[in-house]
Amino acid sequence: MSRIYDYLIIGSGAGGSAAAYALAKAGKDVLLLEKGEPLPKDGSTLDIGEVIREGRFKSKEAWLDKDGRKFEPEEYFNLGGKTKWYGAALLRYDPHEFEAEPAFQCLGWPLSCAEIEPFYDAAEALLEVRRFDIEPSLKVIFDRLRKNGSPWECRPLPLGLSPDITRHPQEAKYFDGFASVIGLKADAEHALLDRVRFLPNLDVRTGAAVREFLPTPASAQRLAGVRSEDGSEFYARDVLLAAGALHSPRLLQRYVESTGLAQRLPSYAQIGRSCKLHLLTALLAFSPSLKADILRKTALLLNEAFPHSSIQPLGFDAQVIATLMPRFLPMRFADLNARRAYGFFLQTEDGSDEKNRVIAAQGEYPRLDYDARRTPLLALEHRRLIRTFQLSLLRAGLVSVYKRIPLAGTAHACGTLVTGSDPKTSVVDRNGKVHGMENLYVVDGSILPRSSRVNPSLTIYAWALRVAHLLTTKEKEHESASAGVHTLRA
């Protein structure tokens, strides 16, 4: 008979790796399945040509947009998931971002910030989150922005970077959007999986794309395990889904529809809905002086006039910024201007609209039916944020140009299996279990009811650690109860 694990986890990004770490550390028998392979350590993940110009490491999976046009989302299938590539910004949601804001189409959480706070603490410790000094060129810009009672507020940016990273210029210049070769960035593989990789009760398998869930003979509402693309089958007592907000709902949607559960699960109608992508704009600010900062991405700008928005510097040096210049510009001119430029990421929370949804392939391609105009007040705030920041930069002596991140950027995709108390309006309960399913849990960004004004990675780590804690606590309580019954009978 095939081996039956305690827990089977699909996906090795922030949520999957955090859950694997916590469950394996608790002594549970854990299988982690990752569709992709480990990234190479030959330096290619820091190479501008291979990473940006050629897009060697990006997924080539084709999707359709709301109008039926084909595009390729900026997804990565590798051990550690997108955490290998993101810019290492690890911020907490503010307490009010756990509450609903109906006027802005923002859903509320079924739990408070206080309930997840201990797991924020644990995640920050595991990821060794720290803050770096603001470097000279950025300090000059921010000082000018905040002159004369300006409403811009500057905060240090919490980063998952080694304190030694500045001793390695190649890694320091290329951590934002690149994968570290020597482990100087706190990605999910390096910060979590590597801590428990030696344990005999953790089995990590790469190149193992999951095709479908397998039901138990007794009930489709209880999973027996999964079948991979190559036909291999894996079994577990509980299954944790962490394939990502674009992919997890597709697996669940196909399973529910193929087993007849669509007519029985009240949460079925919400699977794949309320997809959120941060409203994002990349902006380049130019001034006469050369910019010599290395890390650059060290601070966060807030403005109370834009309560759902934040601004971060891009951790891009002149060479990377030059790749963002219009292609018609001569290379020499692009390089000259890039050395005088600073990049910024303008980010606004996206609201929840049920029409923004992920739909599993009904033909050859899956569909992302998404339109930012469906949450008009937040779209308006983002446009105002761009105009206000550009004007503030101009007053500070910097001319700027910007470009909105298109749908293909799939920026911080979340919310397609939202957590909530009511099965009619959510898919996952407050403990991570799918409403109506007996042993299926979700630990990736698809559960997020709100995207917030900051990067969601730390919240995904914290959520997964909390779900793992609840699972192991429930087991201990069950074992204690069983032992008590046995004692009484004796």
Side-chain angles (χ1 to χ4, degrees), residues 14-15 89-124 151 153 155 158 245 267 270 273-280 300-311 347-356 372 374-382 384-385 411-435 442-467 469-470:
L90 294 164
L91 303 104
R92 300 186 182 208
Y93 282 16
D94 285 335
H96 74 270
E97 291 177 312
F98 284 80
E99 300 171 3
E101 281 190 83
F104 290 91
Q105 297 167 264
C106 295
L107 301 175
W109 286 69
L111 64 156
S112 67
C113 181
E115 291 178 81
I116 206 167
E117 192 167 0
F119 303 97
Y120 270 142
D121 293 341
E124 286 178 341
E153 175 194 352
R155 295 182 186 176
S267 60
Q270 297 302 319
R273 294 189 183 273
S274 299
C275 178
K276 291 175 281 295
L277 308 172
H278 269 129
L279 309 180
L280 287 175
L300 184 74
L301 271 183
L302 302 173
N303 188 322
E304 62 182 15
F306 307 103
H308 304 91
S309 303
S310 65
I311 298 175
Q347 179 168 291
T348 301
E349 179 169 12
D350 191 10
S352 290
D353 186 285
E354 290 189 2
K355 293 188 289 293
N356 285 336
R374 290 170 180 162
T375 55
L377 288 182
L378 291 166
L380 175 61
E381 178 174 321
H382 190 69
R384 289 179 51 238
L385 175 72
H412 304 157
C414 62
T416 51
L417 297 172
V418 294
T419 180
S421 302
D422 186 351
K424 293 180 181 178
T425 58
S426 62
V427 181
V428 173
D429 70 18
R430 70 192 317 275
N431 298 329
K433 187 169 72 68
V434 173
H435 292 300
V442 184
V443 291
D444 60 25
S446 63
I447 66 92
L448 296 173
R450 294 189 63 164
S451 60
S452 97
R453 63 183 175 182
V454 299
N455 309 34
S457 303
L458 188 70
T459 302
I460 298 170
Y461 282 118
W463 169 266
L465 291 174
R466 179 178 178 273
V467 171
H469 170 76
L470 292 172

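Along the sequence shown, the residues carry numbers beginning at 1. From a predicted model like this one, the values you see are computed outputs, not experimental measurements.
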Should the pair Phe104 and His308 be assigned to parallel (<30°), tilted (30 to 60°) or perpendicular (>60°) ring geometry? tilted
Please work out whether the ring planes of Phe98 and Trp109 are parallel, tilted or perpendicular, with thresholds of 30° and 60°. tilted
Asp422/Lys424 salt bridge by N-O under 4.0 Å criterion: no
Ion pair present between Asp121 and Arg92, side-chain N to carboxylate O less than 4.0 angstrom? yes
Least distance between heavy atoms, [X] atom then [Y] atom:
| X | Y | result |
| --- | --- | --- |
| Ala245 | Gly445 | CB-C, 4.4 Å |
| Glu97 | Ser452 | OE2-CB, 3.3 Å |
| Asp429 | Trp463 | O-CH2, 3.9 Å |
| Ala123 | Tyr461 | CB-CB, 4.0 Å |
| Ile460 | Ala14 | CG2-CB, 4.0 Å |
| Leu377 | Ala103 | CD1-O, 3.1 Å |

Check whether [X] reaches the backbone of [Y] with its side chain - one donor and one acceptor, N or O, closer than 3.5 Å.
| X | Y | result |
| --- | --- | --- |
| Tyr120 | Tyr93 | yes |
| Ser451 | Asp350 | yes |
| Thr416 | Cys275 | no |

Any chance you could measure [X], atom [atom1], to [Y], atom [atom2], to the nearest 0.5 Å?
| X | Y | atom1 | atom2 | value |
| --- | --- | --- | --- | --- |
| Ser352 | Glu101 | OG | CD | 12.0 Å |
| Arg155 | Leu302 | CZ | CG | 4.5 Å |
| Lys433 | Leu470 | NZ | CG | 12.5 Å |
| Leu385 | Ile311 | CG | CD1 | 4.5 Å |
| Ser309 | Asn303 | OG | CG | 9.0 Å |
| Ile116 | Leu465 | CD1 | CG | 9.0 Å |

Apply the test side-chain contact (heavy atoms from CB on, under 4.5 Å) to residues Leu458 and Leu91: give CA-CA distance (whole Å), side-chain angles for both, the deciding distance (0.1 Å), then the verdict. CA-CA 6 Å; Leu458 188 70; Leu91 303 104; 5.9 Å; no
Result of checking Ser274, Ser426, Ser267, Ser446 against Leu417 for side-chain contact (heavy atoms from CB on, under 4.5 Å): Ser446
Determine the sole option in Arg450, Lys276, Arg453 for which the salt bridge (Lys or Arg N to Asp or Glu O under 4.0 Å) test with Glu349 is passed. Arg450
Apply side-chain contact (heavy atoms from CB on, under 4.5 Å) to the pair Asp353 and Gln105, showing each step before the final yes or no. CA-CA 7 Å; Asp353 186 285; Gln105 297 167 264; 3.7 Å; yes
Yes or no on side chain to side chain donor-acceptor pair (under 3.5 Å) for Asn455 and Ser457, after CA distance, side-chain angles and deciding distance? CA-CA 6 Å; Asn455 309 34; Ser457 303; 5.9 Å; no
Compare all side-chain heavy atoms of Arg466 with those of Asn431 and state whether any distance is below 4.5 angstrom. yes
Cut-off 3.5 Å, side chains only: do Gln270 and His435 have a donor facing an acceptor? no
Take Leu301 and Phe306, measure what side-chain contact (heavy atoms from CB on, under 4.5 Å) needs, and give me the verdict at the end. CA-CA 11 Å; Leu301 271 183; Phe306 307 103; over 6 Å; no
